[in-house]
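No hydrogens, no waters, no symmetry mates; every other heavy atom, side chains included, goes into these values.
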Amino acid sequence: MSTRTNTLNTNLGFGQTDWVSSRTLGLILFAGLLMVSMALASTSFLTGETFFSQSRYVAFYVLVAMSQAVCLAVGDLNLTVGAIGSIITVSLGMAIAPEYAALSPWIGVPLVFLIGPLTGLINGLIITRFKIDAFIVTLSMMFVYMGLRSGISGGNSYRVPESFWWLGQGGAFGIPFMVLIVLFVLWGISFLYRNTVLGRRLLATGSNSDAARLSGINTDRMIVVAHVISGGFSALAAIMWASWSGNAAPQTGDDWLIISFAVAIIGGTGLSGSLISPVGILVGAVIFKLIQHALVILKINDNYSNTLLGGLILLAIVVDRAREHFGKEGK
């Protein structure tokens with residue numbers, strides 16, 4: 001395997017053969033410490049019921065974070081993560097709700113899912129063809145998508161038929177289907193970045209777009225691909241949430257933006273591009289949920305939760321910058 005490939009694999013948060021980097025190992029140890037603390041603070045924490053309910057949140061957070069992380073990895077960002085989720089939710093409700101199109105979920109869900117990659121394609125093409133900063137484009141499109149969802153739905157929720165609840169509420173061998181699907185998705189995205197030319201080109205674009213372009217990589221195409229994948233993750237998260245909650249509410253996605261950045265950054269995704277660790281994002285989602293659970297156990301006013309999460313994001317960024325700084329000094 002080439003030196004270039006080894007370097008890119010290391011940027012994933014994995015070594016060439018090691019699936020867990022020192023950064024990810026530190027996250028795992030921190031998550032373990034939080035789990036022990038939760039178990040000591042609450043006797044109901046280490047139960048099958050708690051695992052089944054909380055693990056679904058973790059799976060959901062992973063999907064939302066991945067929709068942001070794939071864009072960060074190419075040096076972009078996506079502020080439409082939640083807005084795409086909301087437009088998907090409204091479209092899903094109109095497609096399968098008994099009082100509307102009443103399509104079978106086996107037909108309606110795949111059709112609605114395609115809207116996610118399509119919206120990502122629109123974002124990516126505007127960014128690359130018109131050479132407009134991703135922040136401006138996705139901020140503008142966020143309001144476009146949110147306006148569409150509100151105008152189409154009128155602010156009303158849609159009832160999801162019970163025949164579709166199994167995906168979000170069911171499980172096998174005590175493990176929610178949501179978790180099994182997300183684990184498969186994480187394996188797939190890990191394989192993409194570790195073992196395919198496309199994955200290496202995506203990371204090369206985020207590492208140094210000018211150098212990547214000079215080496216023959218179509219960086220504009222890579223940015224579009226990243227946004228298409230991002231839209232797909234947002235769509236999958238919205239579909240999972242609708243199945244879990246049993247209704248398709250247009251407000252879905254309103255709080256996804258902070259989740260997408262918090263979990264992705266805690267999980268080791270680089271803000272400057274070229275760095276993404278699916279395993280790290282999984283552990284980051286666990287940490288994120290454990291902290292939320294701790295707030296409930298400690299009976300801390302929920303109004304302060306965003307303050308804590310904002311501080312946690314800042315701490316993760318500071319630690320990451322410090323690690324990069326001291327790493328360079330040590331070379």
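- Cluster annotation: Ile28 and Ile291 are assigned to the same hydrophobic cluster (Ile/Leu/Val/Met/Phe/Trp/Tyr, side-chain heavy-atom contacts under 4.5 Å, transitive).
- Take Glu49 and apply the salt bridge (charged side-chain N to carboxylate O under 4.0 Å, His left out) test, not counting sequence neighbours, and it matches no residue.
- Sorted by first and then second residue, the ring-ring contact (aromatic ring centres under 6.0 Å, His included) pairs involving residues 238-295 (not counting sequence neighbours) are Phe45-His293, Tyr57-Trp244, Phe60-Trp241, Phe60-Trp256, Tyr61-Phe288, Trp241-Trp244.
- Among residues two or more places apart in sequence or in another chain, the side chain to side chain contact (heavy atoms under 4.5 Å, CB included) test is passed with Phe177 by Trp166, Ala172, Leu180.
- The minimum heavy-atom distance between Ile266 and Gly284, with the atom names listed, is CG2-CA, 4.0 Å.
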Side-chain polar contacts of residues 100-108 - donor-acceptor pairs under 3.5 angstrom, sequence neighbours left out - could you list them?
from   : atom 1 : to     : atom 2 : distance (Å)
Ser104 : OG     : Trp106 : N      : 3.2

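- Legend: residues meeting salt bridge (charged side-chain N to carboxylate O under 4.0 Å, His left out) with Arg213, ordered by chain and number and at least two apart, are Asp210.
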In a table with atom names and distances, give each donor-acceptor pair under 3.5 Å that connects a side chain of residues 63-72 to protein atoms at least two apart or in another chain.
from  : atom 1 : to     : atom 2 : distance (Å)
Ser67 : OG     : Val64  : O      : 2.4
Gln68 : OE1    : Asn78  : N      : 2.8
Gln68 : NE2    : Asn78  : O      : 2.8
Gln68 : NE2    : Ser260 : OG     : 3.1

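- Here the closest non-hydrogen pair linking Val263 and Ala285 is CG1-N, 3.5 Å.
- The salt bridge (Lys or Arg N to Asp or Glu O under 4.0 Å) pairs that include a residue from residues 217-241 are Lys131-Asp220, where partners are two or more places apart or lie in different chains.
- Within the 4.5 Å cutoff, no side-chain heavy atoms of Arg201 are placed close to those of Thr196.
- Not a single side-chain hydrogen bond (donor to acceptor under 3.5 Å, both in side chains) links Gln251 to another residue, sequence neighbours left out.
- With sequence neighbours excluded, the residues satisfying side chain to side chain contact (heavy atoms under 4.5 Å, CB included) with Phe130 are Ile126, Ile132.
- Leu257 and Ile136 end up in the same hydrophobic cluster when Ile, Leu, Val, Met, Phe, Trp and Tyr side chains are linked at under 4.5 Å.
- Contact detail for Leu192 and Leu198: the closest heavy-atom pair is CD1-CD2, 3.9 Å.
- Counting all heavy atoms, side chain and backbone alike, Ala238 lies closest to Gly85 at CB-O, 3.4 Å.
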Please tabulate, one pair per line, all N/O donor-acceptor pairs under 3.5 Å involving side-chain atoms of residues 110-123, not counting sequence neighbours.
from   : atom 1 : to     : atom 2 : distance (Å)
Thr119 : OG1    : Ile115 : O      : 3.2
Thr119 : OG1    : Gly116 : O      : 2.6
Asn123 : OD1    : Tyr145 : OH     : 3.2
Asn123 : ND2    : Thr80  : OG1    : 3.0

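- Asp133 meets the side-chain hydrogen bond (donor to acceptor under 3.5 Å, both in side chains) test with no other residue; sequence neighbours excluded.
- Counting only distance, with no hydrogens or angles, the side chain of Ser207 and the backbone of Leu203 share no donor-acceptor pair below 3.5 Å.
- Hydrophobic clustering places Ile281 together with Leu183 (ILVMFWY residues linked when any side-chain heavy atoms are closer than 4.5 Å, directly or through intermediates).
- The side-chain hydrogen bond (donor to acceptor under 3.5 Å, both in side chains) check on Thr47 picks up Thr50, with sequence neighbours excluded.
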